[in-house]
Amino acid sequence: MSQTSRPQNDLRGRIYSVVARIPRGRVATYGQIAALAGVPQHARQVGYALYDLPSGGSLPWHRVINAKGQVSPRSEPGWVGFQRELLEAEGVEFQRGRVDLGRYRWEPADSPGV
DNA sequence: TGCTTGACATAAT
DNA sequence: CATTATGCCAAGC
């Protein structure tokens, strides 16, 4: 319609949906999330959207990391370690403080069982 | 309405 | 590998 394709709410609502689709034991990068949301240029907005995440939300934000395979330093130190625990609890292994994207990177619409 | 900020990405140095 | 610079664009004030 005139309002064009109104996804759901805003980019954020879209990003949340994509993040919620990340399977357990897998991780995705901000750029990936943005791309899946249909806006590969908004990798930053992805992080910004997660920043607005409601506490107690069922969103697996901890599965979202940066392209370096590391969790993004939020504001205060120690927060990163927390995210790392959540990932390890899901079966994601950390090598030298970073995740092996070559193995844990989430492949949407694929990876039937490589 | 316009400037500032920002959980990023990529390339170059 | 670390740091710097640029791009890209929405949300907040």
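The sequence lines fix the lettering, A, B, ..., with proteins before strands; numbering per chain opens at 1.
Extent of DNA chain C lying under 4.0 Å from chain A heavy atoms, first and last nucleotide in 5' to 3' order, is C/dC1 to C/dG12.
With no hydrogens or angles considered, a side-chain donor-acceptor pair links A/Y104 and A/E93 at under 3.5 Å.
Place A/R98 and A/Q41 on DNA chain C by their nearest nucleotides, and A/R98 ends up nearer the 5' end. Residue order along DNA chain C, read from the 5' end via each residue's closest nucleotide, puts A/R44 first among A/Y48 and A/R44.
Atom CZ in A/F82 sits roughly 18 Å away from atom P in B/dA7 (whole-Å rounding). Distance, A/R12 CZ to B/dA7 C1': 13 Å, rounded to whole Å. Atom P of nucleotide B/dC8 and atom CD1 of A/I15 are separated by 13 Å, given to the nearest angstrom.
Note on A/S72: a side-chain N or O is less than 4.0 Å away from OP1 or OP2 of B/dC8.
A donor-acceptor contact shorter than 3.5 Å is absent between the side chain of A/R98 and the backbone of A/Q70. Checking side-chain atoms of A/R12 against main-chain N and O of A/A49 turns up no donor-acceptor pair under 3.5 Å.
Here the side chain of A/R74 is nearest to one of B/dG6, B/dA7, B/dC8, namely B/dA7.
Between A/R26 and A/E107 there is no salt bridge, since no side-chain nitrogen of the basic residue lies less than 4.0 Å from a carboxylate oxygen of the acidic one.
A/L87 is listed as a side-chain neighbour of A/V71, based on a closest heavy-atom distance under 4.5 Å.
Scanning all heavy atoms of the two residues, the minimum distance from A/A20 to A/P60 falls at CA-CD, 3.9 Å. Taking every heavy atom of both residues into account, A/I33 and A/A28 meet most closely at CD1-CB, 3.7 Å.
Interface residues of residues 62-71 of chain A facing DNA chain B, ordered by number: A/N66, A/A67; criterion, heavy-atom separation under 4.0 Å.
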Item to check | Stepwise side-chain contact (heavy atoms from CB on, under 4.5 Å) test for A/E90 and A/H62 | outcome: CA-CA 10 Å; A/E90 303 211 327; A/H62 55 261; 3.5 Å; yes
